[in-house]
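The figures here come from the full heavy-atom set of this structure, side chains too, leaving out hydrogens, waters and symmetry mates. Sequence lines set the chain letters: A, B, ... in the order given, protein chains first and strands last, and positions in each chain run from 1.
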Amino acid sequence: MTISAKLDDLTIMVAGQGGDGSLTVMNVLSELFGRRGYHLYKSRNVASRIKGGIAAAQMRASVISRGCTGDQIDLVVAFDQEAVTNVGADLSPDAVVVFDSSDKPLDRRNLADSVRVIEIPFGRYAVRDLRRDLFKNSMSFGVISQLMNIDQDEAEDCLRHTLHRLPERVLLPNIDSFADGRKFALADKIASGGYPWHLERVTRAKHLMINGNDAIAFGFMAAGGRFFCGYPITPATEILEWLQKHLPAMGGVAMQAEDELAAINIALGAAMTGVRTMTATSSPGFSLMAEGISHSGSAEIPLVITNSQRAGPSTGMPTKPEQSDIAMMIHCGNGEFPRVVLAPGDPGDCFKIGAAATNLAQRIQGPVIIAVDQAVAQDARSVTPFDLEAVEPHDGARMSEDALQAMATYRRYELNPSGVSPWAVPGTKGGMSLVTGNERNEWGLVTTVPAKRREMMEKRAAKIDHVRADLPKGIRGGDRAARVGIIGCGMQSGVIAEASERLNARGTPVQYLQVRTLWPVLDETAEFIRSCDHVYVVEHNGEGQLAHLLDGHGAFGNLRSLTKNDGVPFRCADLVRHIATFEANTMHGDAA
Amino acid sequence: MTISAKLDDLTIMVAGQGGDGSLTVMNVLSELFGRRGYHLYKSRNVASRIKGGIAAAQMRASVISRGCTGDQIDLVVAFDQEAVTNVGADLSPDAVVVFDSSDKPLDRRNLADSVRVIEIPFGRYAVRDLRRDLFKNSMSFGVISQLMNIDQDEAEDCLRHTLHRLPERVLLPNIDSFADGRKFALADKIASGGYPWHLERVTRAKHLMINGNDAIAFGFMAAGGRFFCGYPITPATEILEWLQKHLPAMGGVAMQAEDELAAINIALGAAMTGVRTMTATSSPGFSLMAEGISHSGSAEIPLVITNSQRAGPSTGMPTKPEQSDIAMMIHCGNGEFPRVVLAPGDPGDCFKIGAAATNLAQRIQGPVIIAVDQAVAQDARSVTPFDLEAVEPHDGARMSEDALQAMATYRRYELNPSGVSPWAVPGTKGGMSLVTGNERNEWGLVTTVPAKRREMMEKRAAKIDHVRADLPKGIRGGDRAARVGIIGCGMQSGVIAEASERLNARGTPVQYLQVRTLWPVLDETAEFIRSCDHVYVVEHNGEGQLAHLLDGHGAFGNLRSLTKNDGVPFRCADLVRHIATFEANTMHGDAA
Amino acid sequence: MTITFTPSHPIWCAGCGHFGVKNAIVNALAAIDQPAHDTMVLAGIGCSGTIQNNIDSYGYHALHGRVLPTALGVKLANPDLMVIAAGGDGDGYAIGAGHLVHAFKRNPSVVYVLMNNGIYGLTKGQRSPTAEQIDPTTERSIDGISLGLSIPGSSFLARAYSGAADQLNAVMVAALQHAAAGRGFAFVEVMSPCVTYNDTYADWSGRVTDVTAMEGYDPTSRIAAFSTVHTLAEQGRIPTGLIYQSDAPSYESAWKKEGFNVPARIDVSRSIHQNSYSSIMEKYAF
Amino acid sequence: MTITFTPSHPIWCAGCGHFGVKNAIVNALAAIDQPAHDTMVLAGIGCSGTIQNNIDSYGYHALHGRVLPTALGVKLANPDLMVIAAGGDGDGYAIGAGHLVHAFKRNPSVVYVLMNNGIYGLTKGQRSPTAEQIDPTTERSIDGISLGLSIPGSSFLARAYSGAADQLNAVMVAALQHAAAGRGFAFVEVMSPCVTYNDTYADWSGRVTDVTAMEGYDPTSRIAAFSTVHTLAEQGRIPTGLIYQSDAPSYESAWKKEGFNVPARIDVSRSIHQNSYSSIMEKYAF
Ligand SMILES: Cc1ncc(C[n+]2csc(CCOP(=O)(O)OP(=O)(O)O)c2C)c(N)n1
Ligand SMILES: Cc1ncc(C[n+]2csc(CCOP(=O)(O)OP(=O)(O)O)c2C)c(N)n1
Ligand code: SF4
Ligand code: SF4
Ligand SMILES: [Mg+2]
Ligand SMILES: [Mg+2]
């Protein structure tokens, strides 16, 4: 970090043992940077357990809006040695480490000499002066605020705002503790290094600070979603909780089922009545929903299923991101049926796609899957306010009683070129009908007559063409004339956009495509790939699932898979280095 | 059918209402043709209901062993009009229809003039003379036996043998009824046409008459399988029933669980103790097992899972064949883990692959899936006796207590180049260990440290290379120099072999590959495809799943997908016509 | 009038107990004047799982074992419908057992008719959780009424016998009334013999015992009902009739409270809700 | 001696009820002299689902809700093992409810320790089927002992409280002895407070009531037990102790009969079995 250059883009980490409350320090920092007009990207790194295990919060504050965390960490607030040891390699050369030395002094063996360490026994002081270890958090904020040359009033106001839910008797000692922190910073020898940072004050239009799960739930509701049924699972639970909080007031229902099988089947039942319905889960739970998804496709029941993917296989790493369910989402569930799989890239996109999926499910009367990964689902970032006016619920082929009365004959599975049959929901006079997951005739009565079967398979398959033109298009960027392409989705979106910017800046022309519709594979994707000499497909899994998908559906042969499956997102710098090196070699004819 | 030419290859259908017992006629005919030395291929065509609905049995009797039913039907025994109406278009021009005219005379509108019809009111006679409608079956056999010029003793012996389980008081009227049938045939005006057929008497070495489900169960047991847990579902139930019959006597356990989730998890529990274990299900049940399969891969528990695929999606057509779960079997279950998917082509192959899968599961300590379709699973055919001596249980990396004592340190998930860790099962002194579906260190304790995670992902992935050389190779045939290839698996095996024979005979050189390992895609498959100008990939689904799989894993671009998803197998003649036409056009440059 | 689906003919074997069940449902719907279009019959998978095809109503064929979750979804999304779930003993007591426990617990106003024949009919005769002997194991059969009694919150537990139409009709009417009144989950187990794989008519005819006819029987006491059910079972008898009924609150009644509006019929046009949406968005402002 | 896995330290929050459960299992294993290598502890997913890491035995971490099926598989394949299944109330009463019903029904000699804290701990505090109030619904909580009583075939039903170590230890020893003696499924529900999301120590301490101390309590009567459990519940009390025990036959005893041979240890070499295989093949000869 060169001080002048970096204050427009700073990455901070606060780390301690899970459950010790240290993460509130990050909340005050967000408040502070937010007020100063920075954009934020926040992520957490926790073990799948309640207490104990390293829990770290990371935040990138930048003047330009960014979709991923920074390459290196500039400031660390650490409440134990393990936190510093873990993060050592990821520090920028001139990083500052603020360390709680209550237990023992910092062992700085794995830190570069250029890293500056400020050691204060926060915990000890907090217990000594205020009788409670927890106050160490406010104290550490006091230190940092001094370090950043924030004046006391502004800093205290941020702290008060963040802690405004606390009762006065808890708030006050926190303020005291904060003030103590500032005093230590002033008095202590750390002052000798000066206060290195001067934060910018930027004007930024109003934004939202929100994570992907909440935004999906919101998009669903905005498109008329009024029924949700789910089962708690990391990292999807926020969707259940958000809708439990907001749907009842909108006259809707959001309920917790006894398991994922119940969740998707309760959802199917509700959806049959015409209410727009979603369920959400994460990878193992999605595995369990496969039979229900196939049923949604077969019985022609509109349903949105969100999969907030976590690292697999099986129970895997519940709190880590991965994009390793791509092939599963496209191929799971027995037999063949039409489905749409959409992949938003950030919370703003999550809102849009949450809404789009809800309408698309009505329009295809079948399953629409929203694929996010833990990073998109749980990382919060600043995005421009949602365009509420752009969302209007779409009724698909739903019929009113009047429309039904005008028909000579009503068959639930009427054949027609769009594949989407007019639909009268239960309760509609004269619309009595049969819904089934068996192969059937137009009335819904079971049949295996080959000719009928073929007609029904074709009818269902036709639905995709019916909506193809309205499937979410990808986002393209970079140098549109470049012969080298980058493709990614979800958590890669911010990384590939930034990597493209840097590559172009350093003379390696690239363009990128953030894919938003994974299935069906859109023509635009094939065209993008064909327009390039070769394309890097960046994804967080080991097998290169997205690359295989694109390859298998167009036989391109010019895809290069860049994968990673260790639970840690690609850093922009790594991607830039990898592609730049590879390209340099290619130009010299060393690689194919 | 030209009489002299066809008696070495005859296809017969017996059809009536489900549950009216008419299918026993087919059993007597099998006995008869079997004694005469014919090879048989038998299939059934039933609705998924107990009584009612057309139930038809079909049998091809041929001097050369064949792996599919004939192109056209030569003899029909029909107990109602619907049966004849349905089959009309599939009759050979000189077919014979033996019709039960008890209700009314046959409406032969959709039959070619050349088809000969013999009408007898079997049911009416049976009720009149013997007071029971069911005896019509034996009566109809009497007629056919006369029609085929079988003398009374031989025919009666076949009947007695088939009905030997019946008590004397039921057997006798059946024999009477049979004799009556012969008399009608002699006396009635049908005699005027003469008795057209003279069956061959061939010498054929001893064979087995068995279906694929039974053969898989047998292969599993022969390779040391001693634990099975399943849940009834068409068309996989025979595996459960076979093992319930045979495993207890071998000291094993075969049990019916309360559902598929219990079935696969009970199986996982058993497998952890070291007993070789299998579960089996059909498509919707397989959907439900996805989470367990991922767990088998993650926790490294050896398990064989058989999927007897039926037509989907969802409940679909339970009694119809389909190969529409190929992509699901390869990609289902969240996250990435090593798995093997094998596809036997006939009951003989089912035995071999049942055994191979059982050993492979031990060797990779993970999931091995056997993929069959309803046709391979339930059609019975004559195959050469199983080579029992070729099967020897393989212990994988299982360790005795002594071997364990010799180790300095035992870790359940020890890293090593094969990816397969030495394994001490519960009950082994000193081998205490942890098994988990979370990411973990070598001891089995949960971790998310990126470096450990990468090691563990690599360890598991390595297992496939460890066994790659021993994965079942495909079966190649046809003209090895041909530039046109055909690929298929499972129910296509017999059809592509016979189509290849006919195409080569008529001057269209082709070679074929029956793929037996679907996943991983073997090099031999890629080589076969590369060695051809183009390859027809024949499969029973709509999307061309096998073709996409091969394409996506080698970017060949020379695959032509031939698909069908109406529940009726490809007929050899259709395949021959299609390929021959396409090739003729290609040669003239009309098609690409 | 628009021509629409008309009930088809049952495909069951002649003599199958399920005929009686179908008739009872049809009769009960007529008895309470339930309009066809406000009725939804959901069925599981099995021979029992074709009953919806034979009743004049909206019909649905669920996944195996999942008829109760789907029925709950329908009921919550449109509480104005009469929701009848139906299925076999395999569907309800084997693969569906967990959902049954939670249906008793939640107590939605859904009628559940479980056709118990002791076997899996459609898959050709395997033993179900109510099979009286399961070889080679020692398992004892499940008693759905006893299970229902054990779950606090259950509100209507009845059993009838397909071979005794009058009692079956009466029980079915009571069940529909319980649900129609919004009193909660009405569970009716019908002993419904499978003549093809497990013909129990003779056996069951001699064992069914109407508790309603027992002197002093009190269907409002959970403890007494449990005692009676288990005492009769030990005597080899099959208790039938309305065995237990309570006033536990129904599941949907809780939802109906807070501005609940029949989700299936809410007007979701943007114009109506935009203000609410905006104020929620405002909370994320930054 | 080969170095192998040694129990790790629990990762629970200080004060979590699960500590007491772990201690009781460790104590009970010692009390009955159970060798570590012949013991397998299987756990579900949840905070409770890490207990196997802290006990000297073979350990397994099941899928969420599936610990009972896996435990059954282990027990049937190797009946010589002491098999202990453990998990939370979400694991056992929500997603695992169907398997629990069938475990009671089958009665395999497996110990099942269900740690009931009324919430989902690991996923941060959602309400479980034993939560006493679930908004906005009217649901009443499930009572596992009552559920067990309702299933014919259940053989050991006990409850203890993590805050009362002596009774917990005694109950745990009895459960292990029940299973060790091959008497069937030993179900122990431990009230095990979650200090972080649902601190019920104060509440529960005042409500637990040891039935064993009640005059004339007869744990061999299913009907009496049901009556006691429901009567106490109505009084707001939580019945603890050995509530019911019977001599219903165990599931594995049925299998042990016919030439059963511990599947996990059968020698499956071809040479031994080839004759049997040949004679089976002969039946298909044609
Ligand atoms: C997931 C799944 N597993 C298994 C089956 C196969 N199956 C169809 S019906 C049935 C059981 C039917 O028994 P029951 O519920 O008692 O109904 P009955 O036929 O006796 O009326 C089974 C196991 C299925 N369709 N789906
Ligand atoms: C299939 C599946 N669904 C959901 C989850 C997420 N999950 C993990 S633990 C848990 C519940 C834990 O509650 P409980 O069983 O009561 O245990 P506790 O943490 O309270 O001890 C859930 C829902 C999962 N791991 N797998
Ligand atoms: S098989 Fe049994 S249950 Fe099914 S229709 Fe026939 S009699 Fe009824
Ligand atoms: S969150 Fe609750 S259940 Fe989990 S460890 Fe902490 S106290 Fe125990
Ligand atoms: Mg049944
Ligand atoms: Mg809990």
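Both the backbone and the side chain of Met281(C) have a heavy atom closer than 4.5 Å to some heavy atom of chain A. Of the atoms belonging to Arg276(A), it is side-chain heavy atoms, and not backbone ones, that fall under 4.5 Å from chain C. Both the backbone and the side chain of Ile280(C) come within contact range of chain A, with heavy atoms under 4.5 Å apart. With a 4.5 Å cut-off on non-hydrogen atoms, Leu445(A) touches chain C through its side chain but not through its backbone. There is no contact between Ala71(C) and chain A, counting heavy-atom distances below 4.5 Å. Within the 4.5 angstrom heavy-atom criterion, atoms from both the backbone and the side chain of Thr4(C) approach chain A. Contact annotation for Pro426(A): both backbone and side-chain heavy atoms come within less than 4.5 Å of a heavy atom of chain C.
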>> With side-chain hydrogen bond (donor to acceptor under 3.5 Å, both in side chains) as the criterion, how do Glu389(A) and Gln274(C) come out once you've worked through the C-alpha distance, each side chain's angles and the decisive distance to 0.1 Å?
In response: CA-CA 8 Å; Glu389(A) 317 227 335; Gln274(C) 175 136 2; 3.2 Å; yes

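Tyr58(C) and Asp38(C) share no side-chain donor-acceptor pair at under 3.5 Å.
Between chain A and the options Leu63(C), Ile266(C), Asp80(C), Thr70(C), heavy-atom pairs under 4.5 Å are most frequent for Leu63(C). Across Arg412(A), Met221(A), Arg411(A), the residue that shares the most heavy-atom pairs under 4.5 angstrom with chain C is Met221(A). Per-residue heavy-atom pair counts under 4.5 Å with chain A were compared for Ile272(C), Asn78(C), Val268(C), Thr39(C), and the maximum is reached by Val268(C).
Judged as a salt bridge (Lys or Arg N to Asp or Glu O under 4.0 Å), and not counting sequence neighbours, Arg66(C) has no contacts.
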